[in-house]
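Excluded from the calculations below are hydrogen atoms, water molecules and symmetry mates; all remaining heavy atoms, backbone and side chain alike, are included. Protein chains get the first letters and strands the later ones, always in sequence-line order, with residue 1 at the start of each.
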Amino acid sequence: MTEIFSSLYGQPDPQGPAGASALGFGPGKPQVPQNLGSMSFHHQMVDEGAQLRKPAAMNEPFYLLRVLPMENDLTGHTNLITHYNLEHAYNKFCGKKVKEKLSNFLPELPGMIDSPGIQDNSSLHSLIEKPPVCNNSFSPLTGAMLTGFRLHTGPLPEQYRLMHIQPPKKKNKHKHKHHRPQDPLPPETPSDSDHKKKKKKKDDDPDRKKKKKDKKKKKNRHSPDHPGMTGSQPSSSSLR
Amino acid sequence: AEKFDNLEEHLEKFIENIRQLGIIVSDFQPSSQTGLNQKLKFMITGLQDIEKCRQQLHDINVPLEVFEYIDQGRNPQLYTKECLERALAKNEQVKGKIDTLTKFKSLLISELGKVFPEEMGKYKAIHGDDPPS
């Protein structure tokens, strides 16, 4: 053993104290006479580092031979997705293409939800960082409180208007059969109705124009007064 | 799943009420005042119903990283997808390490057995024969 240590830490000094300090053990530590050999040196090491070393390791022929840790049945060697029965989830999320936008996940949610929350100060992160200070319970509004909600008539200014996006109609696949409340909706804003009307007009105009043109053509072909756009087609009133 | 359906139902009703409230407010008429008051009262009751659902969901934990996706306007299912992909990639990486280290151990033991047959005999007597890799 001393031969191994001497090769690692340098030649042993026959003088004693100076040699021990050269090995790094310090002058204050008990000096080991060289004639005792490896056993006493081995014993010294046990005294110094007993807390660090397990006693079982010292009884075996190999120095620092530790007891192997208990084998864990579940390691990275097994496929953890199949172990935790997540194959269906994996195929669902990773097999198909998941759409990027939030509106694809929540199609019935009105408003512009695809824009970042930081822009209009509606982020969830800010809500977590600075939760609003409020009471513990929700108390109903009294008559006096409702007087504060008497609004002026007329449309909102442009800067305060939101883009009302009508949610699509619920599909039959939905579990709950509750339908939208039957309360009569208030008359929509003039801007919205005009927008819709304008949209409808725009959509119908090219179709209407085409239909009108077709009708005109047909009429012109078959009318007696027309000089005859197409001379090839004989008119019904050619005989006069 | 029932508790989620209950919460989802309350949230949908609440959101619909808010949407109708916005329509009333965007072009307010005097005749709409009673309807507005009704909507405001329903908003309070809606919040109370949502708070009642909270008790059933006290054990549900949502990772904070999902909120970052929502704040960016992205689908939160992408977070689930990326979690699964990362888990699988890490699983494969660790499996590769385990396989490599197992092969290394068996090679090392075989080579040490050739160089230090007596010592390796003692080692095997202590730890037993290693299982085949």
Side-chain angles (χ1 to χ4, degrees), chain A residues 60-62 65 68 75-81 86 89-90 93-94 98-105 108-110 113-118 123-125 128 137-141 146 149-156 161-162 164 167 175-176 178 180-181 183 185-192, chain B residues 5 8-9 12-13 15-20 22-33 35-38 40-41 44-45 47-48 51 64 67-78 80-81 83-85 87-88 90-99 102 119 122-123 126-127:
Chain A
E60 295 176 58
F62 299 105
L65 184 65
L68 289 176
T75 61
H77 197 266
T78 56
N79 189 343
L80 296 170
I81 287 177
L86 292 171
Y90 183 82
F93 290 105
C94 302
V98 178
K99 292 182 181 177
E100 182 73 24
K101 291 183 182 177
L102 184 59
S103 56
N104 297 122
F105 181 67
E108 297 176 359
L109 205 62
I113 60 173
D114 292 332
S115 57
I118 298 169
S123 65
L124 294 167
H125 192 67
I128 294 164
S137 61
F138 295 100
S139 52
L141 292 170
L146 284 170
F149 289 97
R150 286 182 185 169
L151 307 178
H152 294 288
T153 56
L156 277 175
R161 282 188 196 175
L162 299 172
H164 290 292
K175 286 181 184 177
H176 296 285
H178 73 276
R180 293 186 176 278
D183 296 337
L185 287 174
E188 291 180 350
T189 58
S191 60
D192 289 338
Chain B
D5 291 338
E8 191 179 338
E9 189 180 339
E12 282 179 355
K13 285 181 182 175
I15 288 163
E16 178 60 24
N17 183 61
I18 296 293
R19 190 184 71 84
Q20 291 177 11
I23 291 169
I24 293 171
V25 168
S26 60
D27 190 13
F28 188 73
Q29 303 297 328
S31 57
S32 309
Q33 185 63 51
L36 177 71
N37 292 345
Q38 193 184 8
L40 288 168
K41 284 177 184 174
I44 304 297
T45 55
L47 287 169
Q48 287 172 338
E51 197 184 19
L64 284 172
F67 295 145
E68 291 178 10
Y69 281 69
I70 296 168
D71 287 340
Q72 291 168 13
R74 297 178 69 197
N75 193 342
Q77 288 178 335
L78 289 169
T80 310
K81 180 186 171 184
C83 270
L84 285 165
E85 286 174 347
L88 186 68
K90 190 73 180 176
N91 197 171
E92 287 177 351
Q93 189 186 25
V94 171
K95 184 178 182 298
K97 283 183 183 177
I98 290 170
D99 290 340
T102 307
E119 285 80 1
K122 291 176 186 175
Y123 175 81
I126 295 165
H127 283 294

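- Proximity to chain B is absent for every atom of A:S103, based on heavy atoms less than 4.5 angstrom apart.
- Comparing B:L47, B:I15, B:I18, B:I44 by how many heavy-atom pairs each has under 4.5 Å with chain A, the most go to B:L47.
- Atom CD1 of A:I118 has 12 or fewer heavy atoms from other residues, nucleotides or ligands within 6.0 Å.
- If you measure heavy-atom distances from B:I98 to chain A, the contacts under 4.5 Å come from the side chain alone.
- Contact of the B:R74 side chain with the A:K101 side chain is not registered, since no non-hydrogen atoms from C-beta on lie closer than 4.5 Å.
- Contacts of B:Q72 with chain A are made by backbone atoms alone, with heavy-atom separations under 4.5 Å and no side-chain atom involved.
- Proximity to chain B involves both the backbone and the side chain of A:L80, based on heavy atoms less than 4.5 angstrom apart.
- Per-residue counts of heavy-atom pairs under 4.5 Å with chain A were compared for B:L64, B:L36, B:L84; the largest is that of B:L84.
- By number of non-hydrogen pairs under 4.5 angstrom with chain B, the leading residue of A:A89, A:C94, A:G117 is A:C94.
- Looking at B:L78 and A:K99, their side chains never come closer than 4.5 Å, going by heavy atoms from C-beta outward.
- Proximity to chain A (any heavy atom under 4.5 Å) is shown, for B:I70, by both the backbone and the side chain.
- Using a 4.5 Å cut-off between heavy atoms, B:Q33 contacts chain A through its side chain alone, with no backbone atom that close.
- Formation of a donor-acceptor pair under 3.5 Å by the B:N91 side chain with backbone atoms of A:G76 is found in this model.
- Residues A:L102 and B:N75 are not in side-chain contact: their nearest non-hydrogen atoms beyond the backbone lie 4.5 Å or more apart.
- The side-chain heavy atoms of B:D71 and B:E68, taken from C-beta on, include no pair separated by under 4.5 Å.
- A salt bridge is absent between B:K122 and B:E119; no separation between the charged side-chain nitrogens and carboxylate oxygens falls under 4.0 Å.
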